[in-house]
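Note that these values count all heavy atoms, side chains included, but never hydrogens, waters or copies made by symmetry. Below, chain A is the first sequence line, B the second, and so on; all start at residue 1. Values in this document were obtained by computation on a predicted structure and should not be read as measured data.
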Amino acid sequence: MRTFFLHSPFDEASLYELNIGDRVFLSGKVLTARDAAHMRFAAEITDGRSRPELVGATIYYCGPCPGTTGSPILSAGPTTSGRMDPYTAMLLGYGVRAVIGKGPRSREVYQALRENRAVYLVATGGAGALLAESILSSRVLAYPDLGPEAVLELVVRDMPLIVGTDLHGGVIYNSL
Amino acid sequence: MRLISSEEVIGAVSRELVLINTRVPEDLSKALKELQDASSDAGRLIMDDIMKNAEIAASRGVPMCQDTGMVIFFANIGTEVSLAEPLPVILDRAVAETYVREGYRPSVVVDPINRINSGNNTPAIVHIEQMAGENMIIDIMVKGFGSENMSRLQMMKPADGYERVADFVVDTVARGGGNPCPPIIVGVGVGGTFEQAPLLAKRALLRPLGSRNTDEVWAEREAALLKAINMLNIGPGGLGGGPTALAVHIIAAPTHIAGLPVAVNISCHASRHGRVSW
């Protein structure tokens, strides 16, 4: 188990260094998206609309605890990744480079991650207060009408993660 | 009659909601510490994050988990207690005021299909029972859905017996895998009817960690189930390297001659519940 300090968006060489179980402290830009936002992204891509912000992006499956107006985000842990499985291969094909969440994925997702040379990083479920401390700023990037499910662009520093899948075929979750 | 004003209820419930969202209680903290010591590798990293998270949530007064849940109330009202409004109305107001004031995530959609958010985390789920006297007890639970989604109900046959019940509990945890934010607490309801078994399973999650089932037979079954679950090697966060569950709590109840309902309600490690009473 090694420790890496990585920057998002990623360069491919840095991703090849990673092995499952490694600790990653991630800095840079991360987009939040959960169930409702995934449905909309998928519908727009199917309709042939352009979503350039997804190319090379890191998506964090998260709907933060917003705090009151003007306050920083209070709590921002991962939601269950498996619910995003139906949309993940499409988004990876579109150019998403890394996804962050918690829990095992489908076989199709693991395959799509390998084919697109993308990684799945695991955040500690239920550690929302800890993960929120790494958020430097946030702004609504898309779908403000979704409220707590809107897409936010977060700028993070040293967000604590664990490598869930690597580019050498490794998957950290035991297959059931 | 003893009059308890709506404001009094709202004030006490609101304070408790903030407390349970931001503080890990002593019984849970102790159980998590023991599990942290028993973990290694990636599982240990997860446990370290969980312990650090508890400190940060408490010191900054922020929710330990961004899923500030659906709020569930188990109220027991004395026959001599008088309220100015129906209790569900009062409790919804307490939830709405607290979640908006504190900036907690509104996580409730009004219609399960069109999924428009109610904006203030209401309605809450309210279960009411009555007792003699002039006291009122309200147990409050804040339940995240990562673990709620991994819960199951099965209407078994009497011939299935306890062995199949035990298999169902372990299988439910195995299917949940790393999804419900392990280390988990497993609530089990055995008996009752189609709707009562899950309620018993949920109530079982309210029992303090480290407490022993008052029925010796069920206490031994709980211990055996915990052992079986911790052999699944799911581990903290589902990454292996340590135990999967902190406890198994079972509540059994009378049932029909033709039935054996079994429900399993999973709680994540952020088991948030408390009690207010008058």
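For chain B, the nearby parts of P66(A) are the backbone and the side chain; heavy atoms of each come within less than 4.5 Å. Contact of N117(B) with chain A is made through the side chain alone, with heavy-atom distances under 4.5 Å. R101(B) touches chain A through its backbone: at least one of N, CA, C or O sits under 4.5 Å from a heavy atom, while the side chain does not. Only the side chain of R34(A) has a heavy atom closer than 4.5 Å to any heavy atom of chain B. For A76(A), the part lying near chain B is the backbone, with the side chain staying farther off; criterion is any non-hydrogen pair under 4.5 Å.
Heavy-atom minimum distance, L232(B) versus V170(B): CD1-O, 3.9 Å. Across every non-hydrogen atom of T122(B) and D92(B), the tightest pair is CG2-O, 3.3 Å. Across all their heavy atoms, V13(B) and A94(B) have their closest contact at CG1-CB, 3.8 Å.
Most heavy-atom pairs under 4.5 Å with chain A, from the set A57(B), A270(B), P63(B), G146(B): that is P63(B). Between chain B and the options G125(A), G126(A), A36(A), heavy-atom pairs under 4.5 Å are most frequent for G126(A). Looking only at heavy-atom pairs under 4.5 Å with chain B, the residue among M1(A), E133(A), K102(A) that has the most is E133(A). Among the candidates C62(A), S75(A), G164(A), the residue making the largest number of heavy-atom pairs closer than 4.5 Å to chain B is S75(A). Contacts with chain B were tallied for G77(A), G147(A), G21(A), A132(A); G77(A) has the most, counting heavy-atom pairs under 4.5 Å. The most heavy-atom pairs under 4.5 Å with chain A, out of G144(B), P106(B), S107(B), P182(B), come from P106(B).
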May I have the step-by-step check of salt bridge (charged side-chain N to carboxylate O under 4.0 Å, His left out) for E149(A) and R105(B), ending in yes or no? CA-CA 10 Å; E149(A) 296 200 69; R105(B) 192 181 78 182; over 6 Å; no
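Side-chain atoms of T68(B) and N21(B) include no donor-acceptor pair closer than 3.5 Å.
Remark: R51(A) fails to qualify as a cation-pi partner of Y94(A) under the 6.0 Å distance and 45° angle criteria applied to the six-membered ring.
Look at E16(B) and R272(B) and you find no salt bridge, because none of the NZ, NE, NH1 or NH2 atoms lies under 4.0 Å from a carboxylate O.
In this structure, Y143(A) has its ring center under 6.0 Å from that of F41(A).
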